[in-house]
*Asks:* 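What follows is a structure written as structure tokens; I'll ask about it next.
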Amino acid sequence: MKWFSPARALAALSLLSTDAVRHVSAIDLDPASPESIKDAASKIAKELVAQYATKDNAGVHVLGGYPGVLYPPYYWWQAGAMFGTLLDYWRYTGDDQYNDMMREGMIHQFGEKLDLMPYNQSKNEGNDDQVFWAFTMMSAAEYNFPAPPDDKPGWLAMVQSVFNQFVKRYQKEVDDGNCGGGMRWQIYPWLNGWTYKNTASNGGLFHLGARLAMYTQNDTYAKWAEKAYDWMDNSALIEEDGTINDGMSMTTDPPCKEADRIPWTYNYGIMIAGAAYMYNYTNGAEKWRSALARHLNKTEQFFPEYYRGIMTEICEAKELCNTDQESFKAYLARWLGVCIQMAPWTHDIIMPHLQTSAKAAAQTCVGASKHGAGNYACGTRWWWEGFDGVQGVGQQMTALNVISVLNVDRVAPPYTSKTGGESKGDPGLGTGSVDDDIPQLHTHPMTTADKAGASILTILVMAFVFGGAWWLCIE
Ligand SMILES: *[C@@H]1O[C@H](CO)[C@@H](O)[C@H](O)[C@H]1NC(C)=O
Ligand SMILES: *[C@@H]1O[C@H](CO)[C@@H](O)[C@H](O)[C@H]1NC(C)=O
Ligand SMILES: *[C@@H]1O[C@H](CO)[C@@H](O)[C@H](O)[C@H]1NC(C)=O
Ligand SMILES: *[C@@H]1O[C@H](CO)[C@@H](O)[C@H](O)[C@H]1NC(C)=O
């Protein structure tokens, strides 16, 4: 615990005397004030965008290389997730200055076959990577984000494409008798995690199905969402008390019985949002009310009293978060906001947590930008006093999402096709054969790095194989 340490207090005092300007510029967020929320969010968004979109004089993306990607060490999926965070920023604050840039990046990554598997990325793409891009396309539909040009599919169609691909992959697991169904983590056998069934992928199918059902009012999507949820609930991924585990190996005997139990905020976020949409879509069905209640109950662990109720990722205590994990709190914050809208009875449970966490996050955003965007680089650990020295895309995303979402009560719920949503769909996109998904397989030989895989949390499989990684994370 560093917050009350006398040594740090002294250090802070000496900083104050030598560098007063820096402290004047600190963000003192009033979580109840829309002006304060917008002001804080805009400063943090500016720093985030600076990390994505530095262009040279000819207008070429220097850092990302081309639209829709981030520079290393960030993987492709995180760029998709970042556009989702920026869509929320626009939605919750009304600031549309980055919208053209976002739209360009999102459309550029549709993929040559309109499957969110662009050739530059697909050979080490996992289901969880793909679904994070689909989540962003769904938000674009739900927020009536300016549509792609007429000769391209709409945002909704791109989500349907991924949903249809997921259904094919799930069905193949059923046909092959692999754990009675469920999504594998990976799309391709050459990647680490091919024999791991994880929450981000299965929860991704559940979550996409729930949102598509709500948007289109087509019950086929809801049936698939329920099927994915029930399969997870009957597996080691979801426990009776609402605990959501990360994944399970197919190579144990029996397969799919041993869960990796490390709790991650984003897995809870994915599942809570899916359950909240299903709750609303079914007009308050008891099944989804109780699913929400039990998952929310277990979400309390991320707001420990030990850290004054501030949202905390488990890897923070020992500073072991990788660049993927540094962004996870963004998704829990984002989808707790959605939960408030879809299931208003959760408002008073969730909002105090978001306010406490957002205020703590804002006070960390006093780091000097490495990208010349000012002094609003945010830290990883929100329970730390001031900036903790580590800056990056994940840190900006998490702070931006948790602060923007405080405006959730002031913004209309996501549009559906019934309430004014205008995104163009294509229910048949992505329904070709499974082999159609396999890209340039014979033209690009795999490198060792490709085989190592770029999917979210490669390290977790290692941890799982070596018998649980709690010792890494817990005092
Ligand atoms: C693939 O990479 C090349 C540069 O190597 C880039 O010009 C192109 O835009 C990328 N394609 C996509 C779909 O991102
Ligand atoms: C569904 O969401 C709408 C919009 O937020 C809300 O008014 C309604 O009460 C919700 N339905 C249920 C059953 O809570
Ligand atoms: C929430 O969890 C606590 C234990 O932490 C338990 O006593 C309580 O019954 C749970 N509530 C619900 C609604 O599941
Ligand atoms: C509902 O969605 C399913 C799955 O994509 C599709 O096959 C069906 O045609 C849709 N039904 C309607 C009425 O649009």
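Along the sequence shown, the residues carry numbers beginning at 1. On a predicted model such as this, the values are computed, not experimentally measured, just so you know. Atoms considered below: every heavy atom in the structure, side chains included; atoms not considered: hydrogens, waters and symmetry mates. Both ligands and their constituent atoms are indexed starting at 1 by order of listing.
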*Asks:* Could you say whether the N/O atoms of Q341 and ligand 2 ever approach to under 3.5 Å?
*Replies:* yes
*Asks:* Is the distance between the ring centroids of W133 and Y75 under 6.0 Å?
*Replies:* no
*Asks:* Quick one: does F163's side chain get under 4.5 Å of M138's, heavy atoms only?
*Replies:* no
*Asks:* With a heavy-atom distance limit of 4.0 Å, tell me whether H108 approaches ligand 1 through its side chain, its backbone, both, or neither.
*Replies:* both
*Asks:* Please confirm whether E112 comes within less than 3.5 Å of ligand 1 when only nitrogen or oxygen atoms on both sides are compared.
*Replies:* no
*Asks:* Between ligand 4 and the protein, which N/O pairs fall short of 3.5 Å?
*Replies:*
{"residue": "ligand 4", "atom": "2 (O)", "partner": "N218", "partner atom": "ND2", "Å": "2.3"}
{"residue": "ligand 4", "atom": "11 (N)", "partner": "N218", "partner atom": "ND2", "Å": "2.9"}

*Asks:* Taking the six-membered ring for Trp, is the centroid-to-centroid distance between W224 and F166 below 6.0 Å?
*Replies:* no
*Asks:* Within a distance under 4.0 Å of any heavy atom of N120, pick out the atoms of ligand 1 and give their elements.
*Replies:* 1 (C), 2 (O), 3 (C), 8 (C), 10 (C), 11 (N), 12 (C), 14 (O)
*Asks:* Between Y331 and F132, is the gap from one ring center to the other below 6.0 Å?
*Replies:* yes
*Asks:* Could you please spell out the steps behind the salt bridge (Lys or Arg N to Asp or Glu O under 4.0 Å) verdict for R103 and D96?
*Replies:* CA-CA 11 Å; R103 184 168 171 273; D96 63 1; over 6 Å; no
*Asks:* Can you tell me which residue among K329, E326, E47 is in a side chain to side chain donor-acceptor pair (under 3.5 Å) with Q395?
*Replies:* E326
*Asks:* Looking at Q341 and V411, would you say the former's side chain and the latter's main chain have a donor-acceptor pair under 3.5 Å?
*Replies:* yes
*Asks:* Which bit of W345 gets closer than 4.0 Å to ligand 2, counting heavy atoms only: side chain, backbone, both or neither?
*Replies:* neither
*Asks:* Please say whether the positively charged group of R91, taken as NZ for Lys or CZ for Arg, lies over the ring of Y415, i.e. under 6.0 angstrom from the six-membered ring centre and within 45 degrees of the axis.
*Replies:* yes
